Structures are given as C-alpha cells and as structure tokens.
Amino acid sequence: MLGRRPGQDAGFLDSIGYLAQDIPLYRRLTAGDHIRIFARLNRHWDAAAAQDRLAALNIPASRPVGSLSGGQRAQVGLSLALAKQPRLLLLDEPVAALDPLARREFLASLAEAAAEGGPAVILSSHLLHDLERVCDYLILLSASRTQLCDSIDKVVATHRVLIGPRQKPPAGVTVVKATNAARQSRLLARLDGPVLDPSWDVHEVGLEDIVLGYMREAASPANGTLTAIGEAS
Amino acid sequence: MNTLTWRLNRSQVQISAAALATIAVLLLITGIAMAGTYHGFLGTCASAHTCADGHSLLFRCDGVLNAVVYATMAVPLLFGLFWGAPLLAREFEAGTHSLAWTQGVTRRRWLAGTAGWALAAAALWGAALSALVSWWRLPENAVGIPYPRFDTGTFDIQGLVPVAYSVFAVALGIGAGALFRRLLPAMATTFAVFVGLRFAIAEYLRPHYMTPLTKALPITAMTPGAPSAVPAGSWVVGPLSAIGPNGHNYGDAIQFSFMPAACRSLSPGQWVPCLAARGFHSQVIYQPATRFWAFQGIEAGIFVVLAAALIALTWRLVLTRDA
C-alpha cells in the first residue's frame, strides 16, 4: 500500500487514516481528550483543524464520546482520521449504522475534506447511491474477486441493457448478465462501441442495476459449483 | 502512548492507590503499637522464660486485623482480574484496538507501552503491600508461634512472592485478554488459572523445592499435647510419623494390631513407654527456617518465568494475528 508493506512501520501508519465500521472510540474519553492524546501518537497531527471541524459541526468536545449520537461519533472518528493528515484515508462502511440525514452530512463533509487537496479516500459501502454521489471510481468486489474497476462515469456510460430476440449477442459487447425468456433476451452488457444491429433495443441503465447485475452473476451457481452449470444459462 | 495508557487506566490506579493507603494506615497504626508491646514483652520474658507465650500477648484482640492481613493474599488475583484481564480484552471488545493500531505508533510499541505499565504497576503495588505486611508481621515472625513465616499462608503474603504473584496475575490477565478478546472469558480464565496454579504449587511443589530434613524424636512426641521439637520457625512439611525398630514407617498412628504383642497386653496408658523401650521412635520432616529466603526466591522465580512466558504468548498473539 502506498508502495510499502503495512505493519510494523510507524512512518507508514502515519500516512494512512482509518475509520472502522462501528466507529471505535474510547467511550469514556471526550473528543477533546482523543485529539490531545493522539497528538502524541502521530507526527503530523493537526489538532487545530480537528477542533475547528468539530466546532463547525456543533459537536461538544468536552463530553464523553459515549454520550454522543451515532452521527456525531462518526464525525469525531472522521475528524481524528483527518487530523493525522494522511495520504490515504480508508473508510470501512462508516455510514452503515447512521440515519439518512447523518449519513448525508457525513458524506458531504467527507467530500469537502477530500476536495481541499486532502487525502485519497477509499470508501467501502453497500449503499450505492452514496457511492455514486461522492466517489469518482468504483471497485466492485464480489465472490472474492474484483468484478469491476473503473470510474463511475465510465461505468455508467459503457453499460447498457439490450433487449432483443433470443439469439447470439451482437458483436462488440461483453455480456455481464443474460436473462432469457422464451423468445426474448435481456442482456446487461458492457459496450465497446455502438450496437449497430437494429434487432436490439438499447436502454440506459443506472449504477445500482449494473452493480447488482455483476453481483448476481458472481454469486450465481455457475460460478460456484459445477453441478449447476446447465441451470444458469 | 504513555498518556493514552494513563487516561484509560487512571481510575483503576486511583482506586488501587486508595485501597493501598487504607491498608497502610491500618497496618502502620496497629503495627507500631504491636512493636511497642513486643519489645516491652521481650524485656521481661527472657528472665521469666515465658517468651513462647508472646503470641497470645501480641494478638489478643486482632481477629479482624489478622484476617485483613491474610486477605492480602487475594490482592494479586484482584490485579489480574481488574488490571490484567481488561487491559487488552476491553480494547478488542470495544474495537478500539483498530483505532489505537492505526495511529502513528507500531503495534509493538502500543503493546509494550500498555502491558509494560500494567506489569510495572503490579510489581510496584505488590512490593509496597508485601513490604507493609512483612513489616507488620515482624514481631509475630520473631515469636514464630503459632504460624512461623515459613508456613503455608504466612509464606504467601510476605517477602518476594507477592511481587511475583502480582506480576504473574497481570501477565495472565493480559494473555487471556489477548487470547479470548472478550472481557468475561478473560476474567474467568484468569481467576481459574491463578487460583488453581497457586494452590497446586503451594500444596504440591513448594515442599519439594529442597529435600526436607528429618529429625528423630522420642516416641512420646506422638502423644497429644507434647511440644513440637522442630527448630523454631521451621516449616513442618509432613505429619509426625512413628518409626519402628526396623525402620518401618507406621504413619501418624500405630494401629493396635501392629503393636508388639508384649505391648498390646498392657493397659493403654502403658503403650507409649512400652513402644519406646522396644526401639520405637517418631520422626518429623521439616524445612528449616534458614531456607525461608531460598524458598521465596525459588517460588518468585517460578512465577516470574511463567509471567514471561505469558507475555511472550501475548506478544505473538497481538503482533501476528489480524485485527
């Protein structure tokens, strides 16, 4: 990672910020305590920025973090991760447990922090709308494999649903997922160029459907066990 | 690292300090009074040949206090349960280890700082408590009756061993926390292993640290109420046993059927003189008082080595396992 192996390397640890799924914080300490204590554990700590961030969000720095709301705790966690001034920020489903409003605010402040010449951010989430709103690139992991890795704009631009008679797929497309009815085929496909064959109707498709298509295909029995091959196609 | 460790464990340190201070005040007040009584008593008993009665003089009304002093035996266990076990288990349980591990300090330094302070605190507290109790028991140790400092129980609360027990208990708690990553299993394991091991070692291993001495006594020593004939302050390891003229060990009582026929026909009051006349004697097995510090050193060494092994295990568990 960042050209180095993670592990027993303080310099490396300095350059990543990490926020785990359930926003672990020392519940009996206040946000201010966290900022002061972690200042001694990190070389590039920006305590003032973290305090300003919390003040701007109206999060009390003098109350034990255990008494804060989930959204406030997530903001404290993000402020601490950003205070390290990392080069890379890893967020493991930080918004999974938040209510929609807190989630939106969290992502807005994350986007703001990343935009100001901040760190590169890797955000893992199952909430595709959130990803579409704040992220530039999408890496789709399913069944332990990278299914898709591209900019979100490009993913949306190159994927289409093709509906046409049940036949061989047109040239110049890679089928992600095919759904066959008696006469008709519905293909989710990546297009390498325009589809010229007039027997296919071409429809635009949203990110969520694209991702679901990849995930269903990756999870289908055809990719799992040999016995189910016939059923899958 | 040190600030973090201090902020997370401040309340335990404060509670322990308050408890230690309370015990210290209690023991200092009563100990000073007792030392005065003891020295006054020594001045008179030597001429009157009643020094062996010193125990009753010193401890006329201190049942509760004596219980407190013996209860300090449990203090290392409390360290293990409330300092050692939560140290890592609480971090894993709350997930805060992933917060600590992604700051700009390596896991190695985090563990060294966290565990190092807990172990140092245990050694310090154990030493302070042991010093207090050892000092408090000075007059009773000198009188040596009824419990010399070598006896099981009094041995365990003074000298070096309380320090070693404390360090071991905390290392055990830390290790259990690293293994189970949950507080309750870590505490339960700490309790069970500490109590079990302490008992097993004190009961079965300690008597054998050095080959005990044997002393032959007249068979009259077997009669109830006869004074014990081991040197003062010795630890009597086994019961008095009766030895026949051919060297056979009859244990702590000779059954009627094993007595020589000539003795059996006599009235019970005549048995002991009869056995003595036929070459029976009794023997006592003991560890002499001079070995006290050697035994303290051996037992403390055992627990320090065990503690080191547990810390090595913790090191492995924390540094090699994934978050």
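All chains are named by letter (A, B, ...) in the order of the sequence lines, taking the proteins before the strands, and each is independently numbered beginning at 1. Every value quoted in this text rests on a predicted model; they were computed, and no experiment measured them.
For the set A:Leu19, A:Leu25, A:Asp22, the entry with the most heavy-atom pairs within less than 4.5 Å of chain B is A:Leu25.
Summarising the geometry of A:Asn42 relative to B:Gly104, their closest heavy-atom pair is OD1-N, 2.6 Å, with the distance given to 0.1 Å. Of all heavy-atom pairs spanning B:Ser98 and A:Ala20, the tightest one is OG-CB, 3.8 Å.
Using a 4.5 Å cut-off on side-chain heavy atoms (C-beta onward), B:Gln103 and A:Lys84 make contact. A heavy-atom distance below 4.5 Å is not found between the side chains of A:Leu13 and B:Val105.
Only the side chain of A:Leu29 comes within contact range of chain B, with at least one heavy atom under 4.5 Å from a heavy atom of that chain. Looking at A:Arg28, only its side chain comes within 4.5 Å of chain B, counting heavy atoms on both sides. Contacts between B:Ser11 and chain A at a heavy-atom distance below 4.5 Å involve the side chain alone, from C-beta outward. Contacts between A:His34 and chain B at a heavy-atom distance below 4.5 Å involve the side chain alone, from C-beta outward.
The number of heavy atoms from other shown groups lying within 6.0 Å of CZ (B:Arg90) is above 12. Within a 6.0 Å sphere centred on CZ of B:Arg7, heavy atoms belonging to other residues, nucleotides or ligands number more than 12. By the neighbour-count criterion of 12 heavy atoms within 6.0 Å, atom CH2 of B:Trp135 is densely surrounded, having more than that number from other residues, nucleotides or ligands.
In this structure, CZ on B:Arg109 lies 7.0 Å from CG on A:Leu41, to the nearest 0.5 angstrom. Atom CG of A:Asp33 sits about 11.0 Å away from atom OG1 of B:Thr3, to the nearest 0.5 Å. Atom-to-atom distance recorded for B:Thr102:OG1 and A:Phe38:CZ is 8.0 Å, nearest 0.5 angstrom.
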